[in-house]
Amino acid sequence: MSNIIEIRNLVFKYINDEELETVALDGIDLNIEEGSFVVVLGHNGSGKSTLAKHLNGILQPTEGTVLVAGMDTRDEKLMTDIRRKVGMVFQNPDNQIVANVVEDDVAFGPENLGIESEEIRRRVDEALKAVDMWEFRSHAPHLLSGGQKQRVAIAGVIAMRPHCIVLDEPTAMLDPVGRAEVIETIMRLNKEQGITVVLITHHMSETIDADRLIVMADGRIIDDGTPQQVFANVQKLRDAGLSVPETTQLIFELRKEGVELPLSALSVDECAESIFKAFA
Amino acid sequence: MLKNITLGQYFPGNTFVHRLDPRTKLLIIVVYIVALFLVDKITAYLPVIVFLAISVMVSKIKLKSLVSGMKPLFVIIVITAIINLFFTSGEPIVKLWVVTITKEGVRAAVFMLLRISLLIMGTFMLTYTTAPMQLTDGLESLLGPLKKIKMPVHELAMMMSIALRFIPTLIEETDKIMNAQKARGADFETGGLVQKAKAMLPLLIPLFISAFRRADELATAMESRCYSGGEGRTKMKQLCYGAIDVTAGAAAIVLLAMVILLNTFGI
Ligand SMILES: Nc1ncnc2c1ncn2[C@@H]1O[C@H](COP(=O)(O)OP(=O)(O)O)[C@@H](O)[C@H]1O
Ligand SMILES: [Mg+2]
């Protein structure tokens with residue numbers, strides 16, 4: 001399959017008022033395949049948000065290149081095309097909802113693209129149904145729960161028909177119920193509509209179903225593979241200041257005691273089964 | 001305690017008044033205000049009152065919400081009426097100690113009372129029956145011609161609608177900060193004006209910092225959704241005039257005509 005995003009030797013430095021540099025990204029090489037579900041993991045300040053903002057041209061590389069569907073993000077003229085290909089959902093749902101009514105907010109993106117009104121209507125209805133928020137179309141956003149607001153934000157992005165959605169810690173401010181709603185919605189969009197998903201998170205439980213897991217530390221990618229491969233390297237993750245899923249933790253400790261267990265059992269069921277087998 | 005601010009409140013509905021194009025309602029309110037200020041005979045208030053009463057009845061807005069919306073302005077209305085009552089010179093009708101009430105004073109007070117209350121209730125009817133976004137859309141469309149002389153009409157309308165969108169969010173946040181500070185012993189209720197203002201300072205600083213952060217994030221989110229000003233933008237809900245707008249417009253013209261007529265021939 002083709003790559004929706006290609007990043008070559010990306011370096012990014014923040015420069016503050018006193019001319020002090022912070023190297024936030026330090027040589028990133030990364031391809032993201034169309035249709036895949038990629039999770040990016042890393043401790044605070046490891047450069048995840050900075051990387052995300054490069055994927056739709058909000059930030060431009062200090063060095064290196066970022067190509068979105070073959071388009072260079074440094075080309076101002078391509079900005080609208082890039083942003084309709086890659087949609088972005090942020091952490092705080094309150095700060096990305098523009099309108100007073102749910103459906104008006106979802107319409108905001110398509111309106112900016114200059115699409116005619118009947119087509120916008122169609123897309124808005126479709127997007128709201130896809131995130132299961134259609135019954136709330138004429139509600140005021142500030143009366144919704146966190147998970148619902150975040151789903152409205154996702155609808156606002158998919159109404160623009162992007163090929164890829166980047167979500168920067170979309171569940172960080174939500175309660176467990178809201179978190180489950182949002183993750184379930186994202187996974188459905190990936191499976192059913194084939195939208196590429198780049199999910200940034202630090203909840204281990206959200207990483208298990210990913211096709212691919214990327215671990216970042218200090219502006220670099222330190223690990224990249226399937227969740228099973230990545231979590232098998234428990235010690236390396238700990239060194240990067242990250243914990244591992246509770247299931248992996250349990251298996252890791254049992255292995256240290258000499259019990260024969262595969263580190264690839266990530267879900268609770270798999271884990272329970274392998275432990276059951278080991279002791280049977 | 002901050003929850004019951006009724007600034008720009010909207011009561012959703014699907015009545016004749018609700019369905020009117022926001023531009024029609026804006027134009028009607030202008031006609032209504034002109035008519036109100038043209039009144040110079042007491043009987044000429046009658047069509048204005050009837051017009052308001054009909055729109056209240058048709059829109060099913062509760063009279064209670066209309067009156068309670070006026071509460072914060074009640075003091076101003078009464079003071080204006082009293083000043084007019086006592087300080088208008090003319091033919092005296094009552095003399096009490098140092099105050100004299102003149103015939104002209106009574107008239108001026110009644111006029112002022114009616115004028116201000118009808119003005120406020122009329123504008124409330126507009127915001128009660130029109131969604132804020134529609135109102136800003138209507139304004140943008142009506143002021144559209146001013147774009148030719150480089151007025152940032154779209155930007156102003158956008159600012160207004162974002163401000164309206166964030167009012168509840170910021171009120172909620174103020175409440176939260178207030179409670180957090182009350183929990184640590186802050187006192188917002190007692191003391192004089194200066195003391196109260198001082199107590200508000202630790203409230204305003206975090207609120208402003210947070211508002212700036214929100215503004216920054218919102219701008220990024222809007223850019224991510226391809227926003228780049230009003231140029232080339234379309235609307236999902238396009239404004240369009242219908243038969244009901246013609247009827248309502250005609251009613252407003254009748255109102256104006258009646259006021260002028262009663263001004264000339266009434267008492
Ligand atoms: N606007 C900014 N100005 C200066 N430095 C920044 C800015 N945003 C982030 N940084 C720095 O860049 C690094 C990476 O930050 P970020 O991408 O936000 O990490 P993450 O999202 O993984 O927590 C951090 O060291 C952070 O302090
Ligand atoms: Mg971040």
Side-chain angles (χ1 to χ4, degrees), chain A residues 49 52-53 55-59 79-101 103-125 138-143 149 153 156-157 159-160 162 165-166 168, chain B residues 3 8-14 18 127 130-137 140 154 157-173 175-176 210-240:
Chain A
S49 298
K53 286 180 183 156
L55 301 183
N56 75 345
I58 296 171
L59 293 177
M79 209 45 90
T80 308
D81 291 321
I82 288 171
R83 288 181 182 158
R84 52 190 312 170
K85 280 262 184 326
V86 178
M88 190 86 70
V89 176
F90 298 92
Q91 189 178 82
N92 189 339
D94 275 325
N95 298 352
Q96 51 191 322
I97 293 178
V98 188
N100 267 307
V101 180
E103 60 181 6
D104 291 349
D105 186 72
V106 177
F108 181 73
E111 286 177 342
N112 291 334
L113 296 176
I115 294 165
E116 58 173 310
S117 61
E118 292 105 64
E119 173 64 15
I120 299 179
R121 181 83 255 174
R122 235 187 332 272
R123 287 189 181 198
V124 167
D125 288 345
S138 43
H139 281 227
H142 72 272
L143 300 176
K149 283 186 215 173
V157 168
M160 299 174 72
I165 308 181
V166 179
D168 189 356
Chain B
K3 291 263 158 64
Q9 197 176 17
Y10 166 57
F11 295 101
N14 193 27
H18 285 87
T127 57
T130 320
M133 280 300 245
Q134 272 206 309
L135 214 50
T136 52
D137 276 0
E140 184 179 353
H154 166 78
M158 196 63 171
M159 276 184 232
M160 258 173 73
S161 68
I162 288 177
L164 286 168
R165 145 78 185 85
F166 274 90
I167 286 172
T169 309
L170 289 177
I171 288 177
E172 216 170 89
E173 183 151 42
D175 244 3
K176 243 187 240 165
S210 136
F212 277 106
R213 203 196 53 237
R214 283 179 193 283
D216 191 33
E217 285 182 21
L218 184 70
T220 310
M222 285 169 73
E223 272 184 35
S224 295
R225 291 165 78 181
C226 296
Y227 180 71
S228 58
E231 199 80 23
R233 228 175 157 259
T234 46
K235 295 254 175 194
M236 174 171 74
K237 294 175 182 162
Q238 275 172 325
L239 300 176
C240 68

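Every chain is numbered from 1 and lettered A, B, ... according to where its sequence line falls, protein lines coming before strand lines.
In this structure, A/R83 and B/E223 have side chains that are in contact, with non-hydrogen atoms separated by less than 4.5 Å. A/E116 is not listed as a side-chain neighbour of B/T234, based on a closest heavy-atom distance of 4.5 Å or more. Within the 4.5 Å cutoff, the side chain of B/F166 has heavy atoms near those of the A/N95 side chain. Between B/R225 and A/V98, the closest side-chain pair of non-hydrogen atoms falls below 4.5 Å. You'll find the side chain of A/Q96 stays beyond 4.5 Å of the side chain of B/E217, heavy atoms only.
One distance of note links CD1 of A/I82 with OG of B/S224; it measures 12.0 Å at 0.5 Å rounding. One finds the CG atom of A/D104 at 8.0 Å from the CG atom of B/D137 (value rounded to the nearest 0.5 Å). The CD1 atom of B/I162 sits 10.5 Å away from the CG atom of A/N100 when rounded to the nearest 0.5 Å.
Of the two parts of A/P162, neither the backbone nor the side chain holds a non-hydrogen atom closer than 4.5 Å to a non-hydrogen atom of chain B. Neither the backbone nor the side chain of A/L143 comes within contact range of chain B; no heavy atom of the residue lies under 4.5 Å from a heavy atom of that chain. Both the backbone and the side chain of A/D94 come within contact range of chain B, judged by heavy atoms closer than 4.5 Å. Contact of A/E103 with chain B is made through backbone and side chain together, with heavy-atom distances under 4.5 Å. Interface residue A/V106: only backbone heavy atoms are found under 4.5 Å from chain B.
Closest heavy-atom contact between B/K237 and A/R121: CE-NH1, 4.4 Å. The nearest pair of heavy atoms linking A/E111 to B/M236 is OE2-N, 2.8 Å.
Contact tally against chain B (heavy-atom pairs below 4.5 Å) for A/P110, A/S138, A/G156: the top residue is A/G156. Per-residue heavy-atom pair counts under 4.5 Å with chain B were compared for A/V157, A/I120, A/N56, and the maximum is reached by A/I120. Chosen from A/T80, A/V101, A/D105, the residue pairing most often with chain B at heavy-atom distances under 4.5 Å is A/D105. Contact tally against chain B (heavy-atom pairs below 4.5 Å) for A/G57, A/P141, A/A99: the top residue is A/A99.
No donor-acceptor pair closer than 3.5 Å links the side chain of A/R84 to the backbone N or O of B/C226.
Within residues 86-93 of chain A, the residues having any heavy atom less than 4.5 Å from a heavy atom of chain B are, in residue-number order, A/M88, A/F90, A/N92.
With sequence neighbours excluded, no residue satisfies ring pair (Phe, Tyr, Trp, His ring centres under 6.0 Å) with B/H18.
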